[in-house]
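Chain identifiers are assigned alphabetically (A, B, ...) following the order of the sequence lines, protein sequences preceding nucleic acid strands; residue numbering begins at 1 within each chain.
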2 protein chains.
Amino acid sequence: MNLLLLDDDDFVADGRAILRDRRLKHVREIHRAAVGETLRVGRIGGCVGAGRILRLDEGALELEVECADPPPPPLPVTLVFALPRPPTLRKVLEQGTAMGVKRFIAIGAKRVERSYWTSKSLRPEALRESFMLGLEQGKDTVMPSLERCPRFAAFHRERWPELRAAGRPLLADAGPAVIWPSKGAPSGHAGTILVVGPEGGFIEPEVATWRDGGCEVVSLGPRTLRVETAVVALLGRMIGPGALAEAATVHPL
Amino acid sequence: MNLLLLDDDDFVADGRAILRDRRLKHVREIHRAAVGETLRVGRIGGCVGAGRILRLDEGALELEVECADPPPPPLPVTLVFALPRPPTLRKVLEQGTAMGVKRFIAIGAKRVERSYWTSKSLRPEALRESFMLGLEQGKDTVMPSLERCPRFAAFHRERWPELRAAGRPLLADAGPAVIWPSKGAPSGHAGTILVVGPEGGFIEPEVATWRDGGCEVVSLGPRTLRVETAVVALLGRMIGPGALAEAATVHPL
């Protein structure tokens, strides 16, 4: 946990928060912090700053909170991905969130098993946990969202036209692989719609639908990567000057 | 498993292999293949090709093997990384191998716990398993290697001069963060020495040693990423035309 996330409910007064849940446990057992020390904190949806420990015992962690710095800028990428099996979903959401993705759209496809849509990992509390872990890792406060579109055809008919109009659509899935970047790197481009397929890839008619929908097909080469690895590698390529402008001061990677 | 890896010991005659271990189990239970079907196979250290199933039952998988295609080109990156805790090590080795890294060098640092050096994950059979999983994922046959240098100072004195002379050294760890790419992307550069620090980063004197050793300090922005996420994101940025030249034919991502 690189950032202690605080909700409005945690505040008992202006600039004064009291925690009693897993965060108390974490600060006591993992951080092993002590009264008087300062923790990096953030208000969900708000600023980041410092929390000075006023009290820390079995019963509560009390903090004097001052948050004035903006969270890191989001990664300007909308991630549209074929719903993977639950453990992979959690990795994609957590790592994507840590890297700054704010909008995830899980879609159906021929190679997406229907049972995945009833997974516990898609329940609100499970999603919130994946997002919180990612935000805590990335020192961010802005909660992402996940939209669900189990029907491939309906997604393309009803949702895609608006989405593609908002950015540059890239399909990172099947071939014939176009060398990427084909012209200029998408890095720093304001608004990429990155589409990632299921294990085994989209089937041919699906790829044709993406192409007809205006997607440029990109590739990371001849190696087949796991979905979670491919997503992180692709997002890594999309970190641009926007994200880095904030990095002029010192931050560990 | 995207590729069934075969060792010399598996061959009972020229172009004829018999398997009885976990690969038999995998092909029966996961692939659910049948006699007459063809599997993608590769010879460790050699070519990739096809294996036609001649026999498949509880006792053995017998294949008629023809391998004539080269494995995918390696990623021209030497990964020098502070030894992480064992689960992270396994992820770094497996994902790095899938992405084409052939040389890993684990080093000590102030924030590397000494107990990590005695971890089971560093035993030869555990390393081989991590590498095999990565090769099977990336459809590669060329086994990587891991070198160990527990002493930071000794590494810099005895090993670094030769290493840095062989490529472009980049330190992806602490700041002051230089915007990356500072001049041109390292993508496609023949021989990058990528140095990745421990959770929490290298301490200041260590960063100074890397700088004095000629490293350019690069950053992925203000977000703190887990070691395994940072490694994949960084490697993703280094996939260049060399890796992609082979991708002119169709391959799923």
Side-chain angles (χ1 to χ4, degrees), chain A residues 2-3 71-73 75 94-95 98-100 137-140 171-181 185 187 196-197 199-202 218-253, chain B residues 2-3 71-73 75 94-95 98-100 137-140 171-181 185 187 196-197 199-202 218-253:
Chain A
N2 297 309
L3 183 78
L75 195 66
E94 185 182 329
Q95 294 190 103
M99 295 182 80
Q137 179 66 41
K139 295 186 290 188
D140 196 355
L171 170 63
D173 184 63
V178 170
I179 289 172
W180 186 48
S187 299
V196 176
E199 299 286 349
F202 286 114
V218 297
S219 164
L220 287 177
R223 295 168 182 278
T224 304
L225 301 177
R226 282 181 198 281
V227 167
E228 65 266 34
T229 308
V231 165
V232 171
L234 289 159
L235 293 179
R237 291 183 82 103
M238 294 189 182
I239 297 172
L244 292 168
E246 302 281 321
T249 49
V250 181
H251 291 281
L253 184 72
Chain B
N2 298 309
L3 182 79
L75 195 64
E94 186 181 330
Q95 294 189 103
M99 296 182 80
Q137 178 64 41
K139 295 185 289 189
D140 195 356
L171 169 63
D173 183 60
V178 170
I179 289 172
W180 185 49
S187 298
V196 176
E199 299 286 350
F202 286 114
V218 297
S219 164
L220 287 176
R223 294 168 181 279
T224 304
L225 300 176
R226 282 181 199 280
V227 166
E228 65 267 32
T229 308
V231 164
V232 171
L234 289 160
L235 293 178
R237 291 182 82 101
M238 294 187 183
I239 297 172
L244 292 167
E246 301 283 320
T249 48
V250 182
H251 292 281
L253 182 70

Over all heavy atoms of both residues, which pair between B/Arg237 and A/Gly236 is shortest? Give the atoms and the distance, please.
NH1-O, 2.7 Å
Minimum heavy-atom distance A/Gln95-B/Thr229, with the two atoms named
OE1-OG1, 2.6 Å
If I compare all heavy atoms of A/Leu225 with all of B/Met99, which pair ends up nearest, and what's the gap?
CD2-CG, 3.9 Å
Give me the atom names and distance for the closest heavy-atom approach of B/Gln137 to A/Arg226.
NE2-N, 3.1 Å
So, applying side-chain contact (heavy atoms from CB on, under 4.5 Å) with A/Arg223, which one of B/Asn2, B/Leu75, B/Ile239, B/Asp140 is it?
B/Asp140
